[in-house]
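Everything below concerns the one structure shown next.
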Amino acid sequence: MKLRSTLLALALCALPVAAGAAPLLAPDSVPADVTRSLAAAVRADRPRNAEAYRRVADLASLRPEVYRRSRAQRPTVTPELRALGPTALLPMLDALAVGGYPRALTADESAALRLGLLEAVGGLGDPRALPVLRAVFRGTADAGELRAAARGLARVCEPGDRQLLEAATGVRAEAARAALGVCRSPEASQWLAAQLDAETDAARAVAAARGFAEGASSWGRNAVESALRLRAARAMVRRWIGTPAEREAFGVALLAMGGAEALSAVREAMPGAPPAVLAGLRSFERALLRDRP
Amino acid sequence: MRGDVKKSIGWGPWVAAAAWVAAGCGDAGTTSATPARDAATDAEAAVDAPATGLVVRLAVDANRDGTVSPEGDDGTYRGAFDAQHGAVFLANVDDDDTDGTLDGADTVVNGDADALDLARIRVVPVPGAPDDATGRIALTAPTTPEVHLFRNDGGAWTAFHPAIDTISAADLRAGVELGIEATEFPTATWNGDVSLSLTVSRGGAAVGTDRVALRVAPFVVHMSTDRAEQIYATDGAGYASLTAFMNDLSAITSQDDMDLEIVDGLDSRWAQPNMGPDVWTQDYMEFGWTAMPGASGPTGMHVVLRTPRVDRAIAQWTRIGFVGPDHGYTWHHQSPYPGASTHDPSLDSFGNLEVLPTYPGHPLGRVFCGNVPTRQNDAELRAFIDAQRVQGPVFTVDTSWLHVGNVDEFTSFIPANTPRGWKLLVASPRGARAQMQALVAANPANGLQEMFVGERWYPLRRAGTSTTPYAAARTINAILADADLMTFNQNAQAHIDTIRQQIQTETGVTDDEVIEIPFLMWEIENGQGAAYMPGTVNLLLYGHTVVMARPHSATIDGGDYTTRYLQGLLTPEGITPRFAEQWDILHAAEGEVHCGTNAVRQISPHTPWWEVNR
């Protein structure tokens with residue numbers, strides 16, 4: 001049995017997996033030196049990690065007979081790729097930037113696979129993925145891919161990548177801010193709190209609120225110190241009151257952060273609040289109190 | 001009251017008509033029953049009535065007692081439509097003679113049963129009509145294309161075409177009975193109101209006229225708290241994972257003496273090669289009803305609304321398998337069906353078309369769905385619901401944080417002894433986390449117990465491949481220690497709390513009338529989530545029974561702790577929870593019991609729709 005599976009793996013390795021397929025990322029989107037280096041790593045990795053390559057090359061959730069039976073009825077591969085674990089890193093990078101996928105894909109399947117690979121690769125927090133993620137973050141305009149690349153960079157959170165995210169402008173700015181919470185670094189949290197205080201663009205302020213909330217989630221790692229949480233919570237409440245068009249987004253961010261500081265900020269804003277505002281604050285208070293043991 | 005009538009129809013109350021009726025419907029010398037109408041807006045009112053002595057009258061069931069009389073409130077309010085008065089007719093969208101054609105789609109009356117679906121309009125006898133008198137019926141534009149008229153001659157019905165057909169002097173003297181049907185429900189371009197007039201002429205000159213108002217009955221979506229009459233689910237022979245669910249569902253419904261009808265998901269008319277059955281019975285159709293007043297209570301029909309998704313092959317069943325006597329059909333979608341980036345077909349699944357049950361101002365409830373500018377469902381569908389005027393405007397919430405994006409993923413309702421008669425059930429990641437924490441606090445060994453023992457992700461692999469499904473089992477400790485999972489759940493809870501508050505603000509439901517159903521969610525892709533633990537809020541309700549997903553939680557103290565908790569939570573509410581196996585076929589594919597089932601419920605169990613004055 002073991003021999004048979006080994007032979008099967010070798011046979012699959014021998015198939016023209018890469019020869020007939022194009023990488024999922026556009027060839028000119030990843031620097032040539034990155035691709036060359038990656039190709040060399042894949043060549044070395046493939047013989048000793050054949051099963052992972054086989055699984056990445058034969059995703060159940062990319063088969064129409066599987067995804068058409070899901071409730072969303074569209075291809076979604078992130079969970080399956082995520083479940084493959086760290087051994088799938090190079091096979092996934094191979095599919096993204098070197099060898100591609102060994103069968104023709106529809107446009108929806110291709111988009112889903114590209115997104116899934118970026119999300120799964122980014123989720124591993126492996127520095128070997130950073131050059132590809134940087135290239136995608138700089139080059140793509142697709143909102144989902146931007147989000148995935150930004151979060152992948154933030155998960156490792158090298159100082160240079162944190163600065164890259166903080167400096168992002170245009171279509172990248174919101175994805176970068178929302179992703180910075182994944183850094184869970186004091187510097188990133190400080191920067192996001194400052195953005196929450198000062199950012200004049202409402203959409204970017206919302207992104208900063210989301211990012212901060214993720215890094216400060218009271219259910220999650222909750223690594224942000226209390227004073228900064230309170231400062232950010234106050235800013236979210238202030239924005240919630242003063243930005244009607246984005247009220248729901250700021251409210252969700254406040255609740256997503258949660259904790260005693262969010263409750264304090266809500267209660268501080270109650271005295272003298274107009275009735276409509278007070279009703280909203282009371283609903284936050286009730287929701288936050290439900291979180292208490 | 002008459003002021004209301006005047007306001008609702010745009011012309012004067014039928015004061016003189018009432019006087020005419022009071023005088024004995026005789027030779028009062030009026031030729032028009034519309035004396036108070038504004039001549040500037042209705043030239044017919046200016047006809048020289050006294051000179052002819054003819055009394056021209058139409059009669060409809062304006063008092064909604066199921067009979068038509070020229071007298072009393074039928075006469076007084078024949079031009080009105082408000083909460084108390086006004087004639088109603090049906091969109092004749094069923095198929096009483098089972099010929100495969102909707103009864104309203106042709107211009108024949110398809111038998112006695114079909115005749116019962118016609119609202120009656122009587123041309124009241126004009127005893128003194130001279131031989132050269134001619135009656136002509138007119139329907140106000142733009143309604144004509146959607147409305148059919150028929151004439152009844154001793155039980156023989158024939159199409160009556162207002163543009164061609166006239167009423168002879170002899171028929172005017174004897175009186176004529178007409179029947180009216182609509183081919184469809186109100187839409188964004190037709191509000192369903194009809195004004196029908198009769199003008200009697202001599203030698204080309206009008207000598208008398210009358211006008212009546214009618215409104216077509218709307219399509220009303222069932223509330224999930226309405227009494228269920230028939231449960232539906234979709235089967236597919238040979239699919240073991242589906243068999244497990246169908247066996248449980250069949251046993252549970254049998255236990256409660258509830259009818260279960262099976263849609264064959266592998267019927268060659270809609271099955272896709274190698275795709276298996278489309279098991280999402282909730283998503284490809286929505287059941288509702290329509291009705292008009294009858295002599296012994298409302299008369300109407302069940303109606304199925306087909307999903308806007310034109311590519312949903314199994315939705316053909318709604319037209320082929322459901323339509324029949326008193327079982328109608330309607331379908332509304334944008335054409336061409338949109339492919340724009342902001343439109344998401346998943347939001348056109350009817351797990352995303354639910355009804356907030358009755359609350360003040362909304363006696364028939366209010367339709368709600370997930371829809372935001374960046375992720376929309378079919379605009380034509382929302383416009384159709386709004387056009388019915390009794391369950392709208394559609395209440396929209398943000399479900400963009402969910403992968404499927406349907407409101408049934410986190411809300412449902414149960415009957416309850418509350419001011420509104422129901423309680424809101426909401427998904428509660430908070431509750432699930434707190435339960436796990438409490439279990440570990442009570443006994444650290446509980447943290448070592450595994451959830452989802454023996455279950456798998458991606459079980460729907462194609463036959464004959466070596467693709468491996470992934471074991472789902474995980475200890476409680478591992479789940480609680482997964483910071484990414486917990487962070488995602490807090491964000492999901494924030495969205496749920498926000499929508500819960502929106503619903504409470506809208507309906508007046510108090511915190512005591514909200515029940516949190518504990519289960520965790522997880523991210524699928526792009527920040528969008530779905531149920532991680534089986535989503536037990538996504539349930540089938542009939543009577544005081546709810547059918548939920550088998551939770552597959554850890555075994556603690558000899559049993560599944562979530563099952564035990566839900567039983568303890570719902571039993572005091574008078575609700576019996578029953579649990580069906582559905583992990584492989586539904587849960588692992590991002591759905592649960594509600595998604596895999598549907599229910600036809602009682603017609604018009606509440607305030608008659610015509611008393612909803614909009």
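The figures here come from the full heavy-atom set of this structure, side chains too, leaving out hydrogens, waters and symmetry mates.
Both the backbone and the side chain of A:Ala287 have a heavy atom closer than 4.5 Å to some heavy atom of chain B. With a 4.5 angstrom heavy-atom cutoff, B:Gln528 touches chain A only via side-chain atoms. Neither the backbone nor the side chain of A:Arg282 comes within less than 4.5 Å of any heavy atom in chain B. Heavy atoms of B:Asn526 lying under 4.5 Å from chain A belong to its backbone as well as its side chain. In this structure, the portion of B:Tyr239 lying under 4.5 Å from any heavy atom of chain A is its side chain and not its backbone. Heavy atoms of B:Asn491 lying under 4.5 Å from chain A belong to its backbone as well as its side chain. A:Arg286 touches chain B through its side chain: at least one heavy atom from C-beta onward sits under 4.5 Å away, while N, CA, C and O do not. Using a 4.5 Å cut-off between heavy atoms, B:Asn489 touches chain A through backbone and side chain atoms alike. Using a 4.5 Å cut-off between heavy atoms, A:Arg247 does not touch chain B at all.
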Full working for side-chain hydrogen bond (donor to acceptor under 3.5 Å, both in side chains) between A:Ser218 and B:Gln490: CA-CA 8 Å; A:Ser218 63; B:Gln490 189 168 23; 2.8 Å; yes
Side chain to side chain contact (heavy atoms under 4.5 Å, CB included) evaluation trace for B:Tyr470 with A:Glu80: CA-CA 8 Å; B:Tyr470 301 95; A:Glu80 184 176 359; 3.6 Å; yes
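Comparing B:Gln437, B:Gln272, B:Arg430, B:Met486 by heavy-atom pairs within less than 4.5 Å of chain A, the highest count is held by B:Arg430. Here A:Arg155 is the residue among A:Arg155, A:Glu145, A:Arg151 with the most heavy-atom pairs under 4.5 Å with chain B. Ranking A:Gln73, A:Arg210, A:Arg82 against chain B, the residue ahead of the rest is A:Gln73, based on heavy-atom pairs under 4.5 Å. Annotation: maximal heavy-atom pairing with chain A below 4.5 Å, among B:Asp283, B:Asp278, B:Val279, occurs at B:Asp283.
Residues B:Asp497 and A:Arg290 are paired through a salt bridge, judged by an N-O separation under 4.0 Å between the basic side chain and the carboxylate. Using a 4.0 Å cut-off between charged nitrogen and carboxylate oxygen, A:Arg74 and B:Asp344 count as a salt-bridge pair. Ion pairing between B:Glu523 and A:Arg147 holds under the 4.0 Å rule for side-chain N and carboxylate O. Note on A:Arg221 versus B:Asp484: salt bridge recorded, some NZ/NE/NH1/NH2 to OD/OE distance being below 4.0 Å.
The shortest heavy-atom contact between B:Ala494 and A:Leu255 is CB-CB, 3.5 Å. Closest non-hydrogen pair, A:Glu248 versus B:Gln502, comes out as OE1-NE2, 3.0 Å. B:Ser346 and A:Ala72 get closest at one heavy-atom pair: OG-CA, 4.2 Å. Residue A:Arg71 comes nearest to B:Gly591 through the heavy atom pair CD-CA, 4.1 Å, listed as atom of the first residue, atom of the second, then distance.
Of residues 114-121 of chain A, those residues with a non-hydrogen atom less than 4.5 Å from any non-hydrogen atom of chain B are, in numerical order, A:Leu115, A:Glu119.
Side chain of B:Glu525 to backbone of A:Val77: no donor-acceptor contact under 3.5 angstrom is found. Not one N or O on the side chain of A:Trp219 forms a donor-acceptor pair closer than 3.5 Å with the backbone of B:Leu485.
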